[in-house]
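What you are looking at is a predicted structure, and each value in this text was computed from that prediction instead of being measured. Because only heavy atoms are used, hydrogens play no part in the values below, and waters and symmetry mates are left out as well, while side chains stay in. Quick note: residue numbers are just sequence positions, from 1.
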Amino acid sequence: MLSYLLRRLLYAPLIIFGVMLITFVIFFVVQKPETMARNILGKRATPQTTYDWLHTRGYDKPLFFNVGQKREAPDGHGYASEGMFDTIFFNQLGKLATFDLGVSDVTGRELKQVFKEGAVPSLLLTVPAYIAGFFFATGLALFLVFVRNSALDTGGVFLCVALMSIPSMVYI
């Protein structure tokens, strides 16, 4: 048991890193930061405005590794990275490691505050649904124990699997 727990603890950082890497790729590689800036600022944004928006958020740096890349601003000033790991990915990784969620790119509000505001209504929906689902599932499981190895048992198992396949937000 101790070796299992130790293995799980050693795997946890790798899994977290993998999830963060996949999320980063979906967010930044599928849609480039420049495209994101143009979508948020609008079609009338000047190159200088777009560059300022990217620079303010740190999106004017290389994505993964800095190999001496230099980006030019519309006003002629370039951005030179400090080191190989002075990139968007490693900056975001460092912020997440210190629980700094940053600000919303669209509204400019702190994400920590947005999550705090949304936590109460979300919990008011999910906690009662979880409790009701727990008691319903326990009651149904106890009933299915009494009709074990019957057609009703088989139908109940299929019903339970079908109900588990539906996301909880559909029920809410």
Determine the minimum heavy-atom distance between Gly118 and Pro121, stating which atoms define it.
O-CD, 3.5 Å
Between the CG atom in Leu5 and the CG atom in Leu10, the distance rounded to the nearest 0.5 Å is 11.0 Å
Under 4.5 Å between side-chain heavy atoms, chaining through other members, with only Ile, Leu, Val, Met, Phe, Trp and Tyr counted: pull out the rest of the cluster around Leu9, sorted by chain and number.
none
Return the set of residues passing ring-ring contact (aromatic ring centres under 6.0 Å, His included) with Phe17 (not counting sequence neighbours), or none when no residue passes.
Phe89
Which residues, ordered by chain and number, are linked to Met1 in its hydrophobic cluster, where ILVMFWY side chains connect at heavy-atom gaps below 4.5 Å, directly or through other members?
none
Residues which pass side chain to side chain contact (heavy atoms under 4.5 Å, CB included) with Leu159, listed by chain and number, not counting sequence neighbours:
Leu163
Residues passing the side chain to side chain contact (heavy atoms under 4.5 Å, CB included) test with Tyr4, sequence neighbours excluded, are Arg7, Arg8
ILVMFWY network linking Leu123 to Val114, side-chain heavy atoms under 4.5 angstrom
no
In short, salt bridge (Lys or Arg N to Asp or Glu O under 4.0 Å) pairs touching residues 113-137 with sequence neighbours left out are Arg109-Glu117
List, by chain and number, the other hydrophobic cluster members for Ile22, where Ile, Leu, Val, Met, Phe, Trp and Tyr join if side-chain heavy atoms come within less than 4.5 Å, directly or indirectly.
Ile26
In short, salt bridge (Lys or Arg N to Asp or Glu O under 4.0 Å) pairs touching residues 123-148 with sequence neighbours left out are none
For residues 151-158, please give each side-chain donor-acceptor pair under 3.5 Å, one per line with the distance, not counting sequence neighbours.
from, atom 1, to, atom 2, distance (Å)
Asp153, OD2, Asn149, N, 3.3
Thr154, OG1, Ser150, O, 3.3

Among residues at least two apart in sequence or on other chains, which ones pass side chain to side chain contact (heavy atoms under 4.5 Å, CB included) with Tyr130?
none
Residue set satisfying side chain to side chain contact (heavy atoms under 4.5 Å, CB included) with Ile131, at least two apart, ordered chain then number -> Val127, Phe135
Connected hydrophobic set around Val120, excluding itself, where side chains approach under 4.5 Å:
Leu124
